[in-house]
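In what follows, every chain begins at residue 1, and chains take the letters A, B, ... in the order their sequences are listed.
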There are 2 protein chains.
Amino acid sequence: MGEVLDAKLDGETEEGEAKRQPTRIQAINREIILEAALEVFATHGFRGSTVDQIATRAAMSKPNLLYYYRRKQDIYYAVLQHTLDDWLAPLEAIDAEGDPIEQLRRYITLKLEMSAENPAASRLFANEILAGAPVIGDFLRSRLRTLVHDKAAVIRRWVGEGRLAPVDPVHLIFLIWATTQHYADFDAQIRAVLGSQVEQPGFYEQAAQAVLTIVLNGIRPRD
Amino acid sequence: MGEVLDAKLDGETEEGEAKRQPTRIQAINREIILEAALEVFATHGFRGSTVDQIATRAAMSKPNLLYYYRRKQDIYYAVLQHTLDDWLAPLEAIDAEGDPIEQLRRYITLKLEMSAENPAASRLFANEILAGAPVIGDFLRSRLRTLVHDKAAVIRRWVGEGRLAPVDPVHLIFLIWATTQHYADFDAQIRAVLGSQVEQPGFYEQAAQAVLTIVLNGIRPRD
DNA sequence: GTCCGATTTGACCAAATAGTCAAGATTCCG
DNA sequence: CGGAATCTTGACTATTTGGTCAAATCGGAC
């Protein structure tokens, strides 16, 4: 393992063999499988998950599931692929020409919303990275790395212009990742500590409020 | 300290059967096993780890390892047990009578030091919680919950006295957990983004500096 | 309806894995 | 040293798991 994902996934296009148009049933079942697999991989990681678990969750026999994705690895790649781009979008959206505090408020808010709406995706990455990022390692070292350095440069400029308190931009980005993904990744812990409170409407707004208050005050330039 | 996990672990004491004094070899080998198991469980989680992996890492045959811990579960319990108390100590050490900013600076610093010194322990918990905290769930719902609520009350008082900016204490605690554990749990990602920079002396001090700056400024009362 | 490719699955296999056991090796203590 | 208790391991078993296959069923274009 440890490849750029693109190559593997749509890997049947090669070799002159005309790729068949996917049928309606294929589209539906692949979607069902990816959804089930996301949930399973997000909870137990690649090695801790079984094809049977995924098949059961997808309400499908194991051979049928393997008809759509021939190997456990293929499912894993597909799920990661399916989720990766979305994950970067908010960071990409930071606009160097915008107002620093406003841009970062927006970034944090978007990340928190993603954690709330798709916690499984966050946990999927968390598991992959805990395992040492064997599959997305190359992706992290190339695309993510470039993106982070680009946006860090933007933030560094803002700091230089006195529009943000002096702070290391990369560590600021890490801090934002940490705080926003925490609500998805450590959901079980948060539920253990807060109980039913987590279910109450407005819980996520309250969390967002707290994170935004602390982080934005933390980087607002002091007079 | 007595914890929830006790019951399962040293379960042979009961039944009048006198527990033998552990021999020197036992003490050494159990230590070796726990160290190896921590590393393996921290990387792949309980389900993703194999007894063989642990045995290999402990430079020991599998049956020999199973002579010391009869089941995979037993090793897992023992490793968690071995690490749990340490993990709570810093939060417990927050002193209601101290200076708020100073107490929180100390708490953050201690947590960051623990992440740097024993990242595997942090990842072990991360894996356990991602899996839904099947083993330490009761612990989280009892001891951790109580402790968090106690310390949240302390922080709430500080806020009430105007010694901290108005912020939800529980979310502040979560934010501190998130940011401090991030450097251990997401080490692979951080290395991917920063490369060899992570190895340079002073990297952790720099991280600590950034986190402390942002968080402490974020909660310092505004005039 | 008919037919052909697409879909589904029961039965199966080989490898991996948790755990057992009895016999041999080592350590400890007098 | 000598013997008992402790420790170690090769060989083994039962179960789980990833993956295959051929045969049965289904769906849709004509």
Does [X] make a side-chain N or O approach to OP1 or OP2 of [N] shorter than 4.0 Å?
| X | N | answer |
| --- | --- | --- |
| B:Thr23 | D:dC7 | yes |
| A:Arg24 | D:dG27 | no |
| B:Asn64 | D:dT9 | yes |
| B:Tyr67 | D:dC7 | yes |
| A:Asn29 | C:dT8 | yes |

Nucleotide [N], atom [atom2] - distance to [atom1] of [X] in whole Å:
| X | N | atom1 | atom2 | answer |
| --- | --- | --- | --- | --- |
| A:Lys72 | C:dA16 | NZ | P | 13 Å |
| A:Arg71 | C:dA15 | CZ | P | 14 Å |
| A:Gln26 | C:dG5 | CD | P | 15 Å |
| A:Tyr69 | D:dT20 | OH | P | 17 Å |
| A:Leu65 | C:dA6 | CG | P | 19 Å |
| B:Leu66 | D:dA11 | CG | P | 18 Å |

Donor-acceptor pair (no angle test) under 3.5 Å: A:Lys62 side chain, D:dG18 base: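 For A:Lys62, whose side chain was compared with the base of D:dG18, there is a donor-acceptor pair (under 3.5 Å).
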Would you say that more than 12 heavy atoms from the other residues, nucleotides or ligands in this model lie under 6.0 Å from the CZ of B:Arg47, or not? yes
Base, sugar-phosphate alone, or nothing: which one does A:Ile25 contact when heavy atoms must sit under 4.0 Å apart?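 The residue A:Ile25 makes sugar-phosphate contact but no base contact.
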For the atom pair CD1 (A:Ile33) and CG (A:Asp74), what is the distance rounded to the nearest 0.5 Å?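 It is 11.5 Å, given to the nearest 0.5 Å.
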Can A:Arg191 and A:Glu199 be counted as an ion pair, charged N to O under 4.0 angstrom?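 A salt bridge is present here (some side-chain N lies under 4.0 Å from a carboxylate O).
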Result for ring pair (Phe, Tyr, Trp, His ring centres under 6.0 Å) between B:Phe46 and one of B:Tyr76, B:Tyr77, B:Phe125 points to B:Tyr76
